[in-house]
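It should be emphasised that the depicted structure is a prediction, and the values quoted were computed from it without experimental measurement.
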Amino acid sequence: MNQSKPMDPMATVRTVILGVILLVGIMGCNSNDQGEDQAQLDMAPQPGGSMTIAIDEDPQLLNPIIATTSTSGSLNAVLNVSLITMNTEFEWEPGLATHWTWSADQTEVTFHLRNDAKWSDGQPVTTRDAMATFDLFRDPAVASSRASDFDNVASIEAVDEFTLRVKFGSASFENLFNLSKSFLPAHVVGSLDPAEIRSWSYNRNPLSYGPYALDRWSANNEVVLTRNPHYFGSPAYLDQLVFKVVPDESTRLLQLELGEVDMVGQIPHQEISRLEESLPDVKLYTIAARRVGYLEYNVREAPLDDVRVRQAISYAIDRRAIVDGLMFGYGELLHTPVPSFLGRFHNGNVTKYERNEHRSRDLLAQAGWTDTDDDGVVDKDGQKLSVVIHTRTGDPVRENGVLIIQRNLADVGIEAAPRMMELGAVLAAVRKGDYQMYLGQFNARLSPDVSANFATGGSLNRGGYSNPKLDEVLNAARLAIDETQAVRNWHESQAIIADDQPWSILWAKNSVVGIRKDIKNATPHALSFYENIAQWWRAPAEIQVSH
């Protein structure tokens, strides 16, 4: 077996987006940061203290096997360390694995795990945990949304307590990326029924082996983490992290202004200029446009089973009004689920659905929808074209965006009714297929593989979309080793999605993060708002300086 540099599925991304990362770093320093007190800059990091972070939703569960929200994913990343991790230059580096080796044909990888990692109850982390976790990901009874990550895995073997060998059906550009997972404790979950995983008490009482451990969790109120004394790395500086659930955006901002929270992960874009002037003790960081807004269609039933109707809706939507009017320019128009910051993996030449009322009405007419009774709403066989658009409450971009879309659709003769629901309720409805259209938002993966969302039977393909040609192209992309061929496949997959419009991709939004300046070494990033949070520390009050 050859000792080699780890296979890097993101190698082609790094060069392209290095400039983006540098730009994000520059943008993260606002004008009121220039007077930072030199005494604070020269200080050595100080352990102790607490930090309160406002989040917009309860994480619902902290089980990486079945977690589907960005909040639960972000907190799980604070609690645990993946088998391998990606750094801010989009390079793979050790996590639980100290190193790994590939076979000559790149179809087998052997991971060598740390022998000093422990769970927060003091039990060792071993390959037994890896095997139990990977078994759960692959178990049909669990139905994990990430089960497809293991489609190319032929076998997994625990060679010994700290050596894990994975064999793949074929060499693939995606193999290493798909194994970047954190583990569950086999000594706790091994005796639990996989079919009942969504009701496990463990989901709200997890163990961890990262820098922090769960202390307490008050549903829809706060999640409190404390320094994990068993963590194998350097101890976290902050004693405690309090994730405070504040669903309303304006309330989160007010609490930042009043000093009740130390960090807000989504600063309202319309407030940025004012905050730069009025809050000199808060630093603003602009993060690469990774949050993708989309309108998802349930294509199982008429009228959304007709591609012409979906295309007509896409042409009717004024994306520019949403990005400029609701995001104040902190975003970009997008027509593919792979955003531009992923460099060459993004296909900028797909069909673009810029607002075109004439084209929209023409497509509706081709599908048989015309306004026969002159009431302003198109109809077909005596039935009006009426749709319901679900979205979540607590996010002004989506709450107001759905109203813009409603007006846009009325302009082309489509009657649309918004239905705004609390996040948990709306996601439950969408998962059950109890919706027609859903205005959502997701954090784009750092891989261009969108199979989970768009492949036939994909674990996140909630609208029932299926296209055999797309399935073929996605599979070819996953199995490609040559980078040039992989890029061609990913581009073709995006072109098919843009033409079929199972989702109308609308925007990629920049996130602006606000953190109090006495929190030092903070490095929010496109990877995570809490990137390297174990190294964040709080300057003692006696040396803090007013600006």
> Is there a donor in the side chain of T456 and an acceptor in the side chain of S466, or the other way round, less than 3.5 Å apart?
Replying inline: yes
>> Taking the basic N atoms (NZ, or NE/NH1/NH2) and the acidic carboxylate oxygens, is any pair closer than 4.0 Å for D395 and R291?
In response: no
>> side chain to side chain contact (heavy atoms under 4.5 Å, CB included), that's the test. Do I53 and I533 meet it? Break it down for me.
In response: CA-CA 12 Å; I53 301 166; I533 198 169; 4.1 Å; yes
> Does L83 reach the side chain of F183, with side-chain heavy atoms less than 4.5 Å apart?
Replying inline: yes
> Between atom CH2 of W92 and atom CD1 of I84, what is the distance when rounded to the nearest 0.5 Å?
Replying inline: 4.5 Å
>> For A429 versus Y435, what's the shortest heavy-atom pair and its separation?
In response: O-CD2, 4.3 Å
> Between the side chains of S511 and Q266, does any donor sit under 3.5 Å from an acceptor?
Replying inline: yes
> Does K517 pair with D281 as a salt bridge, N-O distance under 4.0 Å?
Replying inline: no
>> How long is the straight-line distance from CD of Q123 back to NZ of K118, given to the nearest 0.5 Å?
In response: 9.0 Å
>> Could you tell me if S447 and E174 have a donor-acceptor pair between their side chains, going purely by distance under 3.5 Å?
In response: yes
> How far apart are the C-alpha atoms of Y212 and Y231, what are their side-chain angles, what is the distance that settles it, and do they pass the ring pair (Phe, Tyr, Trp, His ring centres under 6.0 Å) test?
Replying inline: CA-CA 8 Å; Y212 287 94; Y231 178 49; 8.7 Å; no
>> Among Y530, F529, W217, exactly one meets ring pair (Phe, Tyr, Trp, His ring centres under 6.0 Å) together with F243. Which residue is that?
In response: Y530
> Looking at OG of S72 and CG of D58, how far apart are the two atoms once the value is rounded to the nearest 0.5 Å?
Replying inline: 10.0 Å
> More than 12 heavy atoms of other residues, nucleotides or ligands under 6.0 Å from CZ of R204: is that the case?
Replying inline: yes
> If you round to the nearest 0.5 Å, how far is CD1 of I497 from CZ of F454?
Replying inline: 4.5 Å
>> Regarding T163 and D160, do their side chains bring together a donor and an acceptor under 3.5 Å, going by distance alone?
In response: yes
> Would you call the rings of W200 and Y202 parallel, tilted or perpendicular if under 30° counts as parallel and over 60° as perpendicular?
Replying inline: perpendicular
> Do T85 and S82 have side-chain atoms, one donor and one acceptor, less than 3.5 Å apart?
Replying inline: no
>> For L439, is there any backbone N or O sitting under 3.5 Å from a side-chain donor or acceptor partner on T391?
In response: yes
>> So, taking the atom named CG in L214 and the one named CG in L225, what distance separates them when rounded to the nearest 0.5 Å?
In response: 6.5 Å
>> Let's go through Q60 and N203 carefully: what are the C-alpha distance in whole Å and the side-chain angles of both, what is the deciding distance for side chain to side chain contact (heavy atoms under 4.5 Å, CB included) to 0.1 Å, and is it a yes or a no?
In response: CA-CA 8 Å; Q60 300 182 29; N203 297 339; over 6 Å; no
> Going by atom types alone, do W119 and D129 pair a side-chain donor with an acceptor below 3.5 Å?
Replying inline: yes
